[in-house]
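Read through the structure below, which is laid out as structure tokens, and then see the notes.
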Protein chains: 2
Amino acid sequence: MNSSLTRREVNRETNLVDIRQRARELLVAEGPAGVTLRPIARAIGLTAPALYRYYASREDLLLDLIADLYDELTTSMERARDELARDDLTGRFIVVTRAFRRWARAHPREFELVFATPVGDPGAPKDDRLEGCGQRFGGVFQGLFVELWMHQQFPVVADEQLDPRLRRQLRQWAADNDIPLPLGALDVFLTCWVRLYGLISLEVFGHLSFALTDVEPMFDAMLSELAQRLGLSWRAEFSAG
Amino acid sequence: MNSSLTRREVNRETNLVDIRQRARELLVAEGPAGVTLRPIARAIGLTAPALYRYYASREDLLLDLIADLYDELTTSMERARDELARDDLTGRFIVVTRAFRRWARAHPREFELVFATPVGDPGAPKDDRLEGCGQRFGGVFQGLFVELWMHQQFPVVADEQLDPRLRRQLRQWAADNDIPLPLGALDVFLTCWVRLYGLISLEVFGHLSFALTDVEPMFDAMLSELAQRLGLSWRAEFSAG
DNA sequence: CGGCGTTTGTTAACGCCGTACACTGTTTAC
DNA sequence: GTAAACAGTGTACGGCGTTAACAAACGCCG
């Protein structure tokens with residue numbers, strides 16, 4: 001039996017779930033500013049002050065929501081990855097990046113909240129929760145990169161060709177996280193991340209609409225370039241014209 | 001005499017200036033959510049409802065603020081550009097992109113407001129003002145690109161090598177805006193924009209801090225790559241190590 | 001079972017917010 | 001000089017996040 005949980009504990013969990021669900025619905029319907037306490041409380045049959053038994057503040061609730069969304073995105077990328085064979089690194093690279101874009105397009109408000117909310121200027125008093133989520137999210141790409149490198153090394157520049165200031169930081173990063181990659185590969189990794197994030201957020205925020213109505217072909221073209229850069233044989237196919 | 005303006009008109013202009021200035025200060029100090037009517041009104045010796053003689057709503061005021069910021073950024077880029085000789089296209093490309101980054105770093109709150117506020121999902125009911133601002137902003141890069149191409153063409157792919165879906169959109173864009181560039185060059189333009197925007201917003205939003213504490217060397221390295229892609233002879237110099 | 005401390009909820013209140021309305025004094029234009 | 005246009009005010013409404021005081025429900029232990 002699961003009755004090792006007291007009635008209180010069960011109720012607390014269901015309430016927490018309901019709160020987050022309603023917060024998510026409000027986020028989708030009205031954006032970050034629309035996530036307010038009273039409607040959330042009302043929806044689950046409580047009053048606003050009662051929510052303070054669950055979260056220290058609205059800010060705290062939002063942080064939890066962000067963590068949830070972060071995890072959802074990461075999970076969807078991992079699932080896409082795991083549908084392909086372990087050794088199909090090319091395929092995994094493609095489906096993971098596409099899963100990222102698909103999630104961003106399907107959930108623009110959530111994307112906005114997770115990726116375009118500055119983390120606080122001075123020294124970032126950001127929450128530990130998000131630290132872990134970001135780590136897990138980045139880990140999907142990072143893990144793919146490491147396997148890619150292990151299996152078939154792509155061309156990278158020698159350490160000496162990197163700006164010493166950059167070199168130092170990359171070395172530090174690799175050391176702190178035990179990443180068994182040469183610094184040049186880390187540089188490639190970051191460049192891929194920049195292009196991926198750049199294109200997706202430009203699309204979601206509408207800053208490409210001056211030129212494109214459908215970003216998909218450009219996204220595919222970018223994947224082709226990245227794949228080529230990584231020594232993968234993938235090319236986006238399109239009917240000749 | 002400047003008294004062709006009535007006393008009322010003069011007062012109206014100064015009030016408008018004061019409102020925007022105070023709004024800007026609040027934005028910087030507390031972020032977009034901190035731009036509220038009562039403190040603005042108080043600061044210039046009015047009450048909140050009086051602001052409705054100047055703006056239809058808070059939203060309307062924010063839109064005006066965004067337009068102001070957009071223009072400020074564009075102007076700073078144009079100024080950086082115009083400090084270099086008309087034919088120093090390489091130099092102009094470098095200083096304009098650096099001016100963009102400098103402004104973003106110096107004004108993270110403003111950058112957030114201008115570049116990371118989605119323009120409304122369905123069909124974008126966005127204001128006409130912003131349309132013009134965006135046009136002027138993009139025009140700086142676009143103008144530079146056109147001159148670059150005119151002066152010294154860089155290698156681009158043939159139209160037939162582009163995904164037909166992408167090709168169609170690029171052709172449409174070029175036609176609508178009378179851009180005298182081959183479609184392959186437009187593709188390069190968008191790719192540069194993606195990388196520039198991607199790196200700068202990742203930096204401003206703190207989404208590179210997992211690896212880098214100082215993004216500058218990576219930015220310089222990116223500029224080197226872009227310059228090379230565009231057939232420019234610029235390379236970020238760094239002391240050998 | 002009885003009682004007690006903890007937990008979870010309530011209501012009331014404070015000081016904010018954007019905004020609408022009725023009203024008043026000043027400025028402008030004819 | 002007078003009437004219309006304008007730029008303010010004060011008041012009010014409903015909403016917000018949050019705090020404080022209090023009441024009921026619950027879990028645990030003797």
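Numbers restart at 1 for each chain; the letters A, B, ... are given by sequence-line order, proteins then strands.
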- Query: In terms of side-chain geometry, is the basic nitrogen of B:D220 or B:R98 positioned less than 4.0 Å from the acidic oxygen of its partner?
  - Reply: yes
- Let me know the distance between CD1 of B:I40 and C1' of C:dG18, rounded to the nearest Å. 12 Å
- Measure from the side-chain N and O atoms of A:E203 to the backbone N and O of A:R105, and report whether any donor-acceptor pair falls under 3.5 Å. no
- Query: B:I19 has an atom CD1; how far is it from atom C1' of C:dG18, in whole Å?
  - Reply: 15 Å
- Give B:R12 one of three labels, base, sugar-phosphate or nothing, depending on what nucleic acid heavy atoms sit under 4.0 Å from its own. sugar-phosphate
- Taking only Lys NZ, Arg NE, NH1 and NH2, and the carboxylate oxygens of Asp or Glu, determine whether A:R109 and A:E30 approach each other closer than 4.0 Å. no
- CD of A:E9 versus C1' of C:dT8: gap in Å, rounded? 14 Å
- Shortest side-chain distance from A:N11, nucleotide among C:dT26, C:dC17, C:dG9: C:dG9
- Query: Aromatic rings B:F145 and B:F93: how do their planes relate, parallel, tilted or perpendicular, breaks at 30° and 60°?
  - Reply: perpendicular
- Between A:D64 and A:R129, is any pair of side-chain heavy atoms under 4.5 Å apart? yes
- Looking across every strand, which nucleic acid part, if any, lies under 4.0 Å from B:D60 by heavy atom: base, sugar-phosphate, or nothing? nothing
- Task: Return the angle between end axes of the helix from C:dC1-D:dG30 to C:dC30-D:dG1, with five pairs used per end and rounding to 10°.
- Result: 0°
- Item | d(CD1, A:I44; P, C:dT8) in whole Å | 13 Å
- Separation of C:dG9 C1' from A:R8 CZ (nearest whole Å): 11 Å
- Task: With A:F137 as reference, evaluate A:Y197, A:W103, A:F115 under the ring-ring contact (aromatic ring centres under 6.0 Å, His included) test and give the passing residue.
- Result: A:F115
- Specify the separation, in whole Å, of atom CZ of B:R7 and atom P of C:dT26. 11 Å
- Message: Is a donor from one side chain sitting under 3.5 angstrom from an acceptor on the other, for A:R12 and A:T6?
- Response: no
- Could you verify whether a donor N or O on one side chain and an acceptor N or O on the other, from A:E25 and A:Q21, lie under 3.5 Å apart? yes
- Message: If you compare all heavy atoms of B:D163 against all heavy atoms of A:P217, which two are closest, and at what distance to 0.1 Å?
- Response: OD2-CB, 3.7 Å
- Query: Contact class for A:T47 vs. all strands (heavy atom < 4.0 Å): base, sugar-phosphate, or nothing?
  - Reply: base
- Query: Which pair of heavy atoms, one from A:F205 and one from A:A116, lies closest together, and at what distance?
  - Reply: CZ-CB, 3.4 Å
- Which comes earlier along DNA chain C counting from the 5' end, the contact point of B:S57 or that of A:A48, where each point is its nearest nucleotide? A:A48
- Item | Terminal contacting nucleotides, 5' and 3', DNA chain D versus chain B (heavy atom, 4.0 Å) | D:dA5 to D:dA12
- List the atom of B:H207, the atom of A:W193, and the distance in Å for their closest heavy-atom pair. O-NE1, 3.5 Å
- Item | Separation of atom CG in B:L26 from atom C1' in C:dC16, rounded to whole Å | 14 Å
- In residues 49-56 of chain B, what residues come within less than 4.0 Å of DNA chain C, judged by heavy atoms? B:P49, B:Y52
- Trace of the salt bridge (charged side-chain N to carboxylate O under 4.0 Å, His left out) decision for A:D214 with B:R168: CA-CA 10 Å; A:D214 172 20; B:R168 243 192 313 275; over 6 Å; no
